[in-house]
Amino acid sequence: MTEIAEIYKSRLANLDGWRDIGVEPYANKVEVTHHAGDLQKKYADIEAGVETGDEVTVAGRIMSVRNSGMFIDLQDHTGKIQIFSHKQSLAPKYMDTLKLYDLGDIITVTGKVRRTPRNELTINSEHIQLLSKSLQPLPEKHHGMTDIELRYRKRHIDLTDNEISKDVFIKRSKIITAIRQTMLNEGFLEVETPMMHPIPGGAVAKPFVTHHLALDQQLYLRIAPELYLKRLIVGGISDKIFEIGRCFRNEGLSPKHNPEFTSIEAYQAHANYEDMMDLVEKTVQEAVRAVHDGSTKVTYKEKEIDFGGNWPRKSMTELVKEKTGIDFLKVTDPEDAIKKGREIGLDVPDGSNWGQVVEIAFDEKVEDTLVQPIHVTDLPMDISPLAKAKKDNPLLTERFESFVNGWEIANAFSELNDPFDQYRRFKAQAEQKDAGDDEAHHFDEDFIETLEFGMPPTGGLGIGLDRLVMLLTDSHNIRDVIAFPTMRPAAAASLVTRMDSES
RNA sequence: GAUCGCUUAGCUCAGCCGGUAGAGCAACUGACUUUUAAUCAGUAGGUCGAGGGUUCGAAUCCCUCAGCGAUCACCA
């Protein structure tokens, strides 16, 4: 017999012990008056040995036991507090039950608050009751669960004993709230658009495919909400709209990529990409302040990043010129650009267009150096199929990407609103698709029809939330900021199931 | 997808020049009772990720596979 089964049987015996004395081991709700962390704050100043006489009821999980149940460390979502059980204050019928408790059990305790002579804030239990029996053992108490795979697969265990992990997810929530609140304060209307699309669009990516039975129709999980948000702009529900939601891309996993991830997209009619830069700064700064006590400074991997103030705005070609000495605005023939790029050691594929060469130069020579926040503007038309061209230079678009720590955290542009141009660009994408590019855009006639009704000049913005959370919590893997990251399936080990099948 | 690395008790980890598997915590039995990783005595717990090979003998060496991680490529 395995050890885990021994532990299970011992706990099952205790569970039966509770039933023997007429206590249901999975109780109904009880009234909780206080939380551990709040009590620690409230009584922070009382001295060792002081008994307050204040009666409280708390509830939480047993994290450790000393002196055969005399001392229990109880943990709730706010913190920990010690429970003291002694025959002086606890009736014999409760004293007798102390031996039935196991680590991990969820209990409720009522009693008076005191600080022990050893200076530990403590509740003298007068009433103690089991709320939920724990049958599975918790991780080792000193080191906790360090196996990173288990932490991702068993987040409920990770959260019970890992303060850092818990803190990250609380901060993630605060960041989303701050961004939502900033958007609302700026007059944006929060909207929802479909996650199941008949035609995937709005980005260049491979989609997940699913099927609707009743309609007998193929559907795609959205790779971006963009085209539907633009439909709402055309409809004029509001000049300013935003959506916070999940996108799905059927691509590789990495420390910076999860197949489902959260984006914030905002669209503003009668605005352009420059207005979007202001919006990025506002929302991101509020998010930073929300989790850094009002400061805009963050430390990521020992580097200090200051999100405050107005971020510099520099064009992509200018940045490339600074780092490589090549002014691609003066080398606009694709063949010449390829040649120039290769001269400085860039890995440029044959047949690249001008914009692709500029992008490669930027990726290889500039990107990593952009540690402090910056808006990289005027991206090439060739790599910006949904962005409006610059008035004075058709090679470039009114588009920018915001970089922090060498990562793109936002992407925005003045949206293409010309149905003829959109038609041509979809057609070009469709041809690429026929030629075997499975990431190319589908031809979305319905969207062109939408634009034919007239979309006002509009600024659009997308922010990758998960990476922002990584930056603001000093997390180095996207899986650390997603509660249940995508993993290969692993066998569960329910003891109830196993014992049932063995008997 | 490529390269490298990891996988030993429920958890955290030793053991790896090949010679029948070890500690701490958790668990169990008992002692003790104002502790703070409580302490003390004892008990139990393992298909060493899976499969194959070399060998008299494999946790240890070799091969295949799986899961996970790091880096790279695509991408946010």
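Chain letters run A, B, ... following the sequence lines, proteins first and then strands; every chain starts at 1. For the numbers below, each heavy atom of this structure counts, side chains included, while hydrogens, waters and symmetry mates do not. Everything numeric here is computed off the predicted structure, so don't read it as measured data.
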Distance, rounded to the nearest Å, where A/R153 contributes CZ and B/rC11 contributes P: 14 Å
Sugar-phosphate, base or nothing in reach of A/S263, heavy atoms under 4.0 Å: nothing
Rounded distance in Å between the P positions of B/rC65 and B/rC4: 13 Å
C1' atoms of B/rA70 and B/rC32, separation to the nearest Å: 50 Å
Atom-pair distance (NZ on A/K154; P on B/rC11), nearest Å: 10 Å
Distance test, side-chain N/O of A/T146 to OP1/OP2 of B/rC13, below 4.0 Å: yes
Among B/rA27, B/rU36, B/rU12, the one nearest A/L103 by side-chain distance: B/rA27
C1' spacing across the pair B/rC48 / B/rA14, given as an integer number of angstrom: 13 Å
Nearest atoms (heavy-atom pairs only) where A/Y152 meets A/D480: OH-OD1, 2.9 Å
Spacing of A/D158 atom CG relative to B/rC11 atom P, expressed in whole Å: 14 Å
Lys/Arg-Asp/Glu bridge criterion (N-O < 4.0 Å) met for A/E281, A/R313: yes
Pair partner, B/rC28 [Watson-Crick or wobble, under 3.5 Å]: B/rG42
Options B/rC11, B/rA31, B/rA27, nucleotide nearest the side-chain atoms of A/S68: B/rA31
Qualifying residue, where the test is side-chain hydrogen bond (donor to acceptor under 3.5 Å, both in side chains) with A/R114 and the options are A/T52, A/T122, A/N124: A/N124
Gap in Å between the two C1' atoms, one belonging to B/rC17 and one to B/rC11, rounded: 31 Å
Identified salt bridge (charged side-chain N to carboxylate O under 4.0 Å, His left out) counterpart of A/R222 within the set A/E260, A/E192, A/E243: A/E243
P-based separation of B/rU60 from B/rA44 [nearest Å]: 27 Å
Nearest-angstrom distance from the residue atom CD1 of A/I72 to P of B/rA38: 13 Å
Distance, rounded to the nearest Å, where A/D161 contributes CG and B/rA37 contributes P: 17 Å
CA sep, side-chain torsions, deciding dist, call: A/S64, A/D73, side chain to side chain donor-acceptor pair (under 3.5 Å): CA-CA 5 Å; A/S64 72; A/D73 286 339; 2.8 Å; yes
Sugar-phosphate only, base, or nothing, as touched by A/E149 at under 4.0 Å among non-hydrogen atoms: sugar-phosphate
Sugar-phosphate, base or nothing in reach of A/R249, heavy atoms under 4.0 Å: base
Heavy-atom pair with the smallest gap, counting every atom of A/I338 and A/P349: CD1-O, 4.4 Å
Nucleotide nearest A/E6 (side chain, heavy atoms from C-beta), chosen from B/rU33, B/rA44, B/rC25: B/rA44
Of the listed nucleotides B/rA70, B/rC25, B/rU36, the one nearest the side chain of A/R66: B/rU36
Pairwise P distance for B/rA9 and B/rG49, with rounding to whole Å: 8 Å
A/S10 side chain near B/rA27 phosphate (N/O to OP1/OP2, under 4.0 Å): no
Spacing of the P atoms in B/rU34 and B/rG46 (rounded, Å): 38 Å
Close approaches to RNA chain B from residues 376-386 of chain A, in residue order (heavy atom, under 4.0 Å): none
N or O in side chain of A/K141 less than 4.0 angstrom from B/rA26 OP1/OP2: yes
Touch class at under 4.0 angstrom, heavy-atom based, for A/N477 against every strand present: sugar-phosphate
A/F242 versus A/F188, closest heavy-atom pair with distance: CD2-CB, 3.6 Å
Whole angstrom value for the distance that separates P of B/rU34 from CG of A/D73: 17 Å
First of A/M487 and A/I409 reached from the 5' end of RNA chain B, by closest nucleotide: A/M487
Phosphate OP1/OP2 of B/rG67 contacted by A/R488 side-chain N/O (<4.0 Å): yes
Set of ring-ring contact (aromatic ring centres under 6.0 Å, His included) partners for A/Y228, sequence neighbours left out: A/H197
Pairs flagged by side-chain hydrogen bond (donor to acceptor under 3.5 Å, both in side chains) wherever residues 39-51 of chain A is involved - sequence neighbours left out: A/Y43-A/D54
Sugar-phosphate only, base, or nothing, as touched by A/R114 at under 4.0 Å among non-hydrogen atoms: base
Side chain of A/D102 - closest among B/rU33, B/rC28, B/rG67: B/rC28
Nearest-neighbour nucleotide for the A/M70 side chain, B/rU33, B/rU36, B/rC68 considered: B/rU33
Sugar-phosphate only, base, or nothing, as touched by A/E120 at under 4.0 Å among non-hydrogen atoms: base
Cationic N near anionic O, under 4.0 Å, A/E226 to A/K230: yes
Sugar-phosphate only, base, or nothing, as touched by A/G462 at under 4.0 Å among non-hydrogen atoms: nothing
Most 5' of A/D147 and A/R11 on RNA chain B, judged by nearest nucleotide: A/D147
side-chain N/O A/T116 vs B/rU34 OP1/OP2, d < 4.0 Å: no
Options B/rC25, B/rU34, B/rA38, nucleotide nearest the side-chain atoms of A/P117: B/rU34
Nearest to side-chain heavy atoms of A/S254, which nucleotide of B/rA31, B/rA73, B/rC11: B/rA73
Rounded distance in Å between the C1' positions of B/rU64 and B/rC74: 29 Å
